[in-house]
Amino acid sequence: MEQSLVQLIDYFRRCYRADNYGISISDVTKIAGSRQLVIEGNDELACGDLPKLPLVDDKVEPLVAQVEKYQKERLLVYGCFFVQGKVSSTGFSASRTLNSPLIYFPARISAEDSTYYLSIDHSDLRINRPLLRQLLKPELDSAALETFPSMTWPIAIEDVALLSKWLRDNTVVVESEEVGRWPRLQSLSTEVSKTVSIVSACSLILAERSKGSRGVLHELNQLVNTNYLSPALSSLLGGQPAEFLAKASEPDLIPGLLSQPQLTALNNAAAETVSLISGPPGTGKSYTIAAVAIDRMLHGESVLVVSKSEQAINVVGEKLLDAFNLKQGYVHTPERNFQKSMKEYLDGVLSMGVTPKDNPEEVKQALTKVRHTLDQASHAFQRKLRLSRWISSHLAQTSGDWWRTLTRPLLQWLSGWSSPSALWQYPHQVGQLQAEREALCAQYINAYREQQLQGLLDNKRGELSKFLQALKARNSKTQKERFDQTDFDTVLDAFPIWLVNVNELNNVLPLRPDMFDVVIFDEATQCDMATAIPALQRAKRAVIVGDGKQLRHVSFVSRREQQALFEFCQLDPALEQQYSYRDQSVLDIASDAIQSQKAVCLLDEYYRGKADLISFSNAHFYQDRLKVMRSRPGELIEPALGFTKVDGERARTGRNSEETQRILQHIQSVIEECADALLKPSIGVLSPFREQAQFLEKEILASLSDDTIQAHKLRIDTPYGFQGEERDLMLLSMAIDDRSGRASAYLNREDMFNVAVTRAKERMQVFYSVDPKQLSTDNLFRRYLEHNHLPNANIESDEARCEFANSLAQSLSSSGYQCWLGFEIAGVEIDVLCQKDGRLLGVDLIGFPGDFQDFYDVDTYKSLFRSGISVLPMPYSAWLQDQHGCLNCIDEYFSQSL
């Protein structure tokens, strides 16, 4: 293995650790006394006077036993310079108590000649950054942390003086004079005053690692010393690409109609060591992930789906169950405690077993027959469309001379072969066969998995039982021993698809390279590379899913500290930007690592909302490449996007009271309108600014009952809290006024703005207090206000695109239909879109020279079907011979199919 790859892992490990994902010690008084040991006298370890300190205390031996027992869950640290006092809370409680070290070192207790000695890892001085963030003055943002003095071991008096001055200038610390005693130590007070102070005190603490990171750090420590990296991890870190025998994808076994990008995603997951799925908001990322997982499972492979977002994991689980009807073969529960849920699930399987309902081979044979019939019908339909175009085109041209007069009867006779009745049977037949195919696919998938699981329970039940016992272990040491005794090949044969929050992965699966054939990262922009490394080590191939135009993970490691760590790990300076822990997400690093564009696909079918809800983002962020699948002509009458200008002002605190009140009124009106509805619309309230979001939350929640909040799934947050979320109704508070120059510049954050304006499924109302002309011309919000969100509104219903289209539209209008010519749905211009009684039908005009001469191919019919639109082909030859009959056929088909 290349040494540079190990150095990169070490660099990411140190960055992750410096980001203080490691431990949470905001108040040591909440830690049991058996896990603490106060250091008295002088701080001889931090100042470098002694390499180790003898410990003479009855607590030492029990403390050593706990350190050994909870290696993964807890970390022994030596804490210095304690901050004590109360600070204002960002939540609803008035204040928060602090009693925490500002600086700490990982510590170790060793036994020598029946005496215990304490030593510290002086190469790993850590600043308690979560503590610093709580101490910052209200008017300062987190960028102030960049100026914190550089601290190195041994700590000198001059360092302490700089630290004290920085605290006075940048934080709410009132008293810092006591640190002047250092290295002389004070006793830690158990009574905390209302004012914040820093004292010269030290304590040895067995601190709880934060639950979301204890396993990540533990496994990163292991990987620094490994001799082998999985192909997926090695490829993302720039190692030599691995060679393997790819298993082809088989999309015909997947229920549903997959788009071409989704088919590409399935093929890439089978054939590429690292592949990328770019999924803009609402384009079916979760559905695609579920399809990839099922496809790999049906080829005998195992799949690990991970994300930092609990919501993202839950949505994939819902797709497997609801969209694909998968009942066996995957492990997921929507609860936060995955380990607990997994134990309950395994208990049920082992106690009750599985009873297969169908023979998978018989179901597959039936599926093969239906697929063959479907292919035949599709090819026949395509031939009929081609013949219809040829006949209609020639009929449109046969008038005026003797040759055309002679050939016209022949063409009219041939047109009987492409009559509406002959053509229109095919969409109906194809639709019926497709529905039958999907039902058989779902039946086969479940029959296949039930048979596999039953066979394992019959022959290898003991291995599954061992795995359950490992999950039930009370501590990490016992769990590791039981994991070592478990045959995980059997476990993955039983459950080939795993949906796990990336931070809980270590609780249920050991760190074994190449355990899974494929790991899929969802919402990959939100995941830093350090968190991803252990999951990547567990897989041979990786599929990275996300959107580079959405929010990335947040890091509080300073650029100065990151650079120092990069240099400490002796990495090539030319690689610093490419592997920046702060700035590069897993998606960014994967994009840089992929050598061929064939391994990348863009999901381009937008399903979440209506056309005006995505129009701006589509134009400004996605080069108009998204096809709006839910675009409907009713939007021209009732747009889904609305704007409300209010006379609000942005206070110095960042709050806008007028916008808050108007939003509250809007919510109350929606609640009243839906009071008797069985299904209530979900509501989201979003502000780009934290202060306004918190103010909205306080005011709105105080005005509504808990039942109402739950019924409407009400959520109030910033874009960071809404990424991966969606609501039926979104209410946006922009919170700026004409004098908010600095704040308005924040709206130019493209990733933040894109997330903010793409969360709505049905409607969005934007409340704002600023005159757009007061914003710079390139300000994103000004451009958003000035954007034409409904380009289809320019289409007139009586626009004569061609004689055939105009004639049909007029006839349909006379029969009570409302018509649009060239209305775009799913990226396709519908020749004639007609509506009656709230239902829609598309008509594909064929053969008349002009804009609508050509026909849609079968794939286009399928694409429109995915968007919920039925389309009928209408040859000009049929219309020329019997207009009344064609209209009657449309009426009949319209009523039957819709």
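The CG atom of Leu220 sits 10.5 Å away from the CZ atom of Phe12 when rounded to the nearest 0.5 Å. Note that CG of Leu131 is 11.0 Å distant from CG of Asp27, once rounded to the nearest 0.5 Å. Interatomic distance, CG of Leu229 versus CG of Leu223, reported as 7.0 Å (0.5 Å rounding). For the atom pair Glu177 CD and Ser197 OG, the distance stands at 9.5 Å (nearest 0.5 Å). Atom CG of Leu125 and atom NE2 of His122 lie 11.5 Å apart (nearest 0.5 Å).
At most 12 non-hydrogen atoms from other residues, nucleotides or ligands lie less than 6.0 angstrom from CZ of Arg108. A 6.0 Å sphere centred on CD of Gln570 holds no more than 12 heavy atoms belonging to other residues, nucleotides or ligands. The number of heavy atoms from other shown groups lying within 6.0 Å of CD (Glu61) does not exceed 12. For Glu40, the CD atom counts as loosely surrounded, since its 6.0 Å shell holds 12 or fewer non-hydrogen atoms of other residues, nucleotides or ligands.
For Arg582 (side chain) and Val557 (main-chain N/O), a donor-acceptor pair under 3.5 Å exists by modelled atom type. A donor-acceptor pair under 3.5 Å links the side-chain atoms of His553 to the main chain of Tyr581, judged by distance alone. A donor-acceptor pair under 3.5 Å links the side-chain atoms of Tyr579 to the main chain of Leu237, judged by distance alone. Checked by atom type and distance alone, the side chain of Asn42 never pairs as donor or acceptor with a backbone atom of Glu44 at under 3.5 Å. No donor-acceptor pair closer than 3.5 Å links the side chain of Gln584 to the backbone N or O of Met529. Using a distance-only test at 3.5 Å, with no hydrogens or angles considered, no donor-acceptor pair links the side chain of Glu310 to the main chain of Asn501. With hydrogens and angles ignored, the 3.5 Å screen pairs no side-chain donor or acceptor of Asn225 with any backbone N or O of Gln222. Although no hydrogens or angles enter the test, the distance criterion places a donor-acceptor pair under 3.5 Å between the side chain of Ser230 and the main chain of Ala539. Between the side chain of Gln66 and the main chain of Leu206, no donor-acceptor pair closer than 3.5 Å is present. A donor-acceptor pair is defined here as one N or O able to donate and one able to accept, closer than 3.5 Å; no such pair exists between the side chain of Asn170 and the backbone of Leu167.
Heavy atoms only, all atoms of each residue included: Thr531 and Val216 are closest at CA-CG1, 4.0 Å. For the residue pair Leu50 and Leu45, the shortest heavy atom distance occurs at O-CD2, 3.4 Å. When all heavy atoms of Pro154 and Asp159 are compared, the pair lying nearest together is O-OD2, 4.1 Å. Between Phe105 and Ala46 the shortest heavy-atom distance is CE1-CB, 4.2 Å. Closest non-hydrogen pair, Val77 versus Ala207, comes out as CG2-CB, 4.5 Å. Residues Ser307 and Asp522 approach most closely at OG-O, 3.1 Å, considering heavy atoms.
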**Request:** Apply side chain to side chain contact (heavy atoms under 4.5 Å, CB included) to the pair Ser203 and Val28, showing each step before the final yes or no.
**Result:** CA-CA 10 Å; Ser203 183; Val28 296; over 6 Å; no
**Item:** Criterion ring pair (Phe, Tyr, Trp, His ring centres under 6.0 Å) on Phe568 and Tyr11, from CA distance to verdict
**Value:** CA-CA 8 Å; Phe568 179 84; Tyr11 156 73; over 10 Å; no
**Message:** Evaluate Thr115 against Asp113 for side-chain hydrogen bond (donor to acceptor under 3.5 Å, both in side chains), listing each step before the verdict.
**Reply:** CA-CA 5 Å; Thr115 302; Asp113 298 328; over 6 Å; no
**Request:** Go through Phe488 and Thr490 one step at a time and tell me if the side chain to side chain contact (heavy atoms under 4.5 Å, CB included) criterion holds.
**Result:** CA-CA 5 Å; Phe488 274 91; Thr490 299; over 6 Å; no
**side chain to side chain contact (heavy atoms under 4.5 Å, CB included) between Leu571 and Leu8, worked out** = CA-CA 7 Å; Leu571 291 163; Leu8 262 177; 4.0 Å; yes
**Message:** Assess the residue pair Ile497 and Val331 against the criterion (side chain to side chain contact (heavy atoms under 4.5 Å, CB included)); give the C-alpha distance rounded to whole Å, side-chain angles, the decisive distance to 0.1 Å, and a yes or no.
**Reply:** CA-CA 6 Å; Ile497 300 176; Val331 177; over 6 Å; no
**Asked** Could you walk me through whether Gln562 and Ser580 pass the side-chain hydrogen bond (donor to acceptor under 3.5 Å, both in side chains) check?
**Response** CA-CA 8 Å; Gln562 176 180 271; Ser580 170; 3.2 Å; yes
**Request:** Dump the intermediate steps for salt bridge (Lys or Arg N to Asp or Glu O under 4.0 Å) on Arg129 and Glu561, then the final yes or no.
**Result:** CA-CA 12 Å; Arg129 294 187 181 278; Glu561 189 171 7; 2.4 Å; yes
**Request:** Would you sort out whether Arg715 and Asp717 count as a salt bridge (Lys or Arg N to Asp or Glu O under 4.0 Å), showing the intermediate values?
**Result:** CA-CA 7 Å; Arg715 183 184 183 93; Asp717 216 321; 3.7 Å; yes
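Put simply, the side chain of Phe82 reaches to within 4.5 Å of the side chain of Asn99, judged on heavy atoms. In this structure, the side chains of Arg35 and Arg74 come closer than 4.5 Å at one or more pairs of heavy atoms. The side-chain heavy atoms of Val199 and Phe81, taken from C-beta on, include no pair separated by under 4.5 Å. Taking the side chain as every heavy atom from C-beta outward, Thr226 and Val6 never approach each other to under 4.5 Å. No side-chain heavy atom of Ser302 sits less than 4.5 Å from a side-chain heavy atom of Phe495. Side chains of Phe516 and Leu509 form a contact here, defined as non-hydrogen atoms less than 4.5 Å apart. No side-chain heavy atom of Leu163 sits under 4.5 Å from any side-chain heavy atom of Ile155. A 4.5 Å side-chain heavy-atom check between Asp43 and Tyr78 finds at least one atom pair inside the cut-off.
Residues Gln186 and Glu178 have side chains that bring a donor and an acceptor to within less than 3.5 angstrom of each other. For the residue pair Asp57 and Tyr116, no side-chain donor N or O sits within less than 3.5 Å of a side-chain acceptor on the partner. If you check the side chains of Thr486 and Arg482, you find no donor sitting under 3.5 Å from an acceptor.
Residues satisfying the salt bridge (charged side-chain N to carboxylate O under 4.0 Å, His left out) test with Glu463, not counting sequence neighbours, are Lys466. The side chain to side chain donor-acceptor pair (under 3.5 Å) search around Asp121 returns Ser123, not counting sequence neighbours. Here Asp58 pairs with nothing under the side chain to side chain donor-acceptor pair (under 3.5 Å) rule; sequence neighbours left out.
Asp489 and Arg512 are not joined by a salt bridge, as no carboxylate oxygen comes within less than 4.0 angstrom of a charged side-chain nitrogen. Under a 4.0 Å N-O distance rule, the pair Asp124/Arg14 does not qualify as a salt bridge. Using a 4.0 Å cut-off between charged nitrogen and carboxylate oxygen, Glu219 and Arg538 count as a salt-bridge pair. The pair Lys308-Asp528 counts as a salt bridge, with a side-chain nitrogen and a carboxylate oxygen less than 4.0 angstrom apart. Salt-bridge annotation for Arg17 and Asp10: absent, with no side-chain N of the basic residue lying under 4.0 Å from a carboxylate O of the acidic one.
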